[in-house]
Amino acid sequence: AGLPECGEDEAGIYVWTEYVLIPSSRRADIAISYTDRDGRGVHLLIENKPWAGDGKDQLDAYAAYMKRKYESKPWAIVYIPPLERDPGTHSISEKLFRELVAQGSLFVLPYASTQREKSICDWLQRCEALCEAEEPRRLIGSFRRYLEQNVPETGVPQMSDAERSVAQILLKFLQERDEDIEIALQI
C-alpha cells in the first residue's frame with residue numbers, strides 16, 4: 001500500500017478482524033497496526049468486497065475515523081473489489097475518493113484486473129513463481145486458483161447448481177418469444 005515498512009520487532013504488529021470503528025459501530029474487515037522502522041505507529045484498514053456491495057457512506061465513515069483517530073500518523077484504507085471498480089459514490093464522495101487516492105491514503109486493489117497494474121491474483125502468481133519451497137508454492141497456487149474460480153467478475157456470488165438450473169429454464173423460456181425478453185427487462 002506504499003506505507004512505511006514494518007520494523008524488526010514482530011511483537012509490535014497487531015491484527016484485528018471485524019474491527020469496530022467507535023463510535024459509529026461500523027465494522028472494517030481487517031485492521032492492522034504496526035511500528036515502522038522509525039518507531040512511528042502505522043495503521044491500515046482493509047475492506048474486502050468479493051461478494052458484497054458497498055454500504056451507504058461506508059468508506060466516508062472509514063476515512064473520517066482514520067483521520068480523527070490517527071491524525072498525523074501514517075494510515076491507509078485498502079479497498080478490495082472483485083475486478084477493477086472504484087467504490088460507489090454512495091460509499092464515498094468522488095471528491096474525497098480522489099483526494100485520498102492522491103495522498104496515498106486509499107488504495108483500490110482488485111482480486112483480478114485487466115486494466116490496473118496491481119491485483120491480488122497477479123501478486124499471488126508472482127509469489128508462486130518466486131517461491132522455491134514446494135509446499136508454500138502449492139498453497140499460494142491453490143489460493144490463487146480458488147480466488148479465480150470463486151470471486152465472480154460481476155461482484156455477485158456464484159450460483160449454486162439448483163440456481164443455475166432454474167436460471168437455464170428461465171432463460172430458455174425467455175428466448176422463445178422476443179416479447180418475453182422485453183417484459184423481463186422491464187421487470
Side-chain angles (χ1 to χ4, degrees), residues 1-50 54-55 57-87 91-113 115-144 146-148 151:
L3 292 170
E5 286 187 26
C6 184
E8 300 295 322
D9 183 15
E10 290 180 13
I13 301 171
Y14 301 94
V15 178
W16 300 269
T17 58
E18 294 296 318
Y19 181 78
V20 179
L21 285 66
I22 297 174
S24 72
S25 297
R26 288 186 179 265
R27 293 179 184 269
D29 292 323
I30 301 172
I32 302 171
S33 290
Y34 63 91
T35 304
D36 72 5
R37 295 178 190 270
D38 296 328
R40 295 179 302 165
V42 180
H43 309 280
L44 184 66
L45 285 182
I46 300 174
E47 187 56 33
N48 187 26
K49 293 291 187 185
D54 303 329
D57 300 324
Q58 185 175 23
L59 292 179
D60 274 336
Y62 289 8
Y65 172 84
M66 297 296 274
K67 284 180 184 179
R68 182 179 65 253
K69 182 158 181 160
Y70 299 115
E71 296 178 21
S72 62
K73 297 175 184 172
W75 63 268
I77 299 167
V78 177
Y79 177 79
I80 308 175
L83 284 180
E84 57 273 299
R85 75 169 166 85
D86 293 336
S91 178
I92 186 168
S93 71
E94 191 170 331
K95 180 182 178 202
L96 181 58
F97 173 76
R98 302 223 181 283
E99 177 185 309
L100 293 175
V101 168
Q103 69 188 33
S105 294
L106 178 61
F107 299 88
V108 176
L109 181 63
Y111 278 101
S113 178
Q115 299 173 3
R116 296 184 195 263
E117 57 188 62
K118 294 179 180 180
S119 78
I120 290 177
C121 286
D122 290 339
W123 174 70
L124 288 169
Q125 191 169 26
R126 289 191 305 275
C127 290
E128 186 180 4
L130 293 172
C131 187
E132 294 178 10
E134 182 178 346
E135 290 299 316
R137 183 177 57 248
R138 275 196 281 180
L139 175 68
I140 293 166
S142 293
F143 182 52
R144 179 183 52 78
Y146 171 84
L147 291 176
E148 290 171 350
V151 176

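If you're wondering where the values come from, they're calculated on a predicted model, not measured in any experiment.
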- Task: Identify the heavy atoms of K73 and G41 that sit nearest to each other, and give their distance.
- Result: CB-O, 3.7 Å

- Side-chain donor or acceptor of R137 paired with backbone N/O of E128 under 3.5 Å: no

- Message: Tell me whether S142 contacts the main-chain N or O of R138 through its side chain, where contact means a donor paired with an acceptor under 3.5 Å.
- Response: yes

- Task: Determine whether P87 and V108 make a side-chain contact, defined as any pair of heavy atoms from C-beta on separated by less than 4.5 Å.
- Result: yes

- CD1 on I140 to CD on E135, rounded to 0.5 Å: 11.5 Å

- Message: Please evaluate residues F143 and L124 with respect to the criterion side-chain contact (heavy atoms from CB on, under 4.5 Å), reporting the C-alpha separation (whole Å), side-chain torsions for both, the decisive distance (0.1 Å), and the verdict.
- Response: CA-CA 8 Å; F143 182 52; L124 288 169; 3.5 Å; yes

- Do you know which two heavy atoms are closest between L109 and I80, and how far apart they sit? O-CG2, 3.2 Å

- Straight-line distance of S24 OG to D60 CG, nearest 0.5 Å: 12.0 Å

- Query: Distance-only, no hydrogens or angles: does the D36 side chain make a donor-acceptor pair with backbone N or O of D38 under 3.5 Å?
  - Reply: yes

- Taking all heavy atoms of L106 and all of F97, pick out the closest pair and write down the distance. CD2-CD1, 3.3 Å

- Quick one: are I13 and C6 in side-chain contact, heavy atoms under 4.5 Å? yes

- Task: Considering non-hydrogen atoms only, spot the tightest contact between D29 and N48 and give its length.
- Result: OD2-N, 2.6 Å

- Between A63 and L100, which heavy-atom pair has the shortest distance, and what is it? CB-CD1, 3.6 Å

- Item | Qualifying residues under side chain to side chain donor-acceptor pair (under 3.5 Å), relative to Q103, sequence neighbours excluded | S105

- Message: Using a 3.5 Å distance criterion without hydrogens, assess whether the side chain of Q58 forms a donor-acceptor pair with backbone atoms of G55.
- Response: yes

- Could you pull out all residues at least two apart from W16 that satisfy ring pair (Phe, Tyr, Trp, His ring centres under 6.0 Å)? Y19

- Using a 4.5 Å cut-off on heavy atoms from C-beta on, say whether the side chain of L147 contacts that of I120. yes

- Tell me, do K49 and D54 make a side-chain contact under 4.5 Å, heavy atoms counted? yes

- Heavy-atom check, side chain of Y62 versus side chain of L21, under 4.5 Å: yes

- Taking the side chain as every heavy atom from C-beta outward, state whether I32 and I46 have any pair of such atoms under 4.5 Å apart. yes

- Quick one: pull up CD in E18 and CZ in R27 and give me the separation to the nearest 0.5 Å. 6.0 Å

- Task: Given side-chain contact (heavy atoms from CB on, under 4.5 Å), test Y79 with L59 step by step and report yes or no.
- Result: CA-CA 9 Å; Y79 177 79; L59 292 179; 3.6 Å; yes

- Message: Among residues at least two apart in sequence or on other chains, which ones pass side chain to side chain donor-acceptor pair (under 3.5 Å) with D57?
- Response: none

- Would you name the heavy atoms of P82 and P50 that are closest together and state the gap between them? CG-O, 3.7 Å

- Query: Quick one: salt bridge (charged side-chain N to carboxylate O under 4.0 Å, His left out) pairs with a partner in residues 97-111, sequence neighbours left out?
  - Reply: K67-E99, E94-R98

- Message: Rounded to the nearest 0.5 Å, what separates atom SG in C127 from atom CG in L130?
- Response: 7.0 Å

- Item | Residues that Y70 engages under ring pair (Phe, Tyr, Trp, His ring centres under 6.0 Å), provided they are two or more places apart | H43

- Report the residues that fulfil side chain to side chain donor-acceptor pair (under 3.5 Å) with E148, sequence neighbours left out, ordered by chain and then residue number. R144

- Task: Taking the side chain as every heavy atom from C-beta outward, state whether T35 and V42 have any pair of such atoms under 4.5 Å apart.
- Result: no

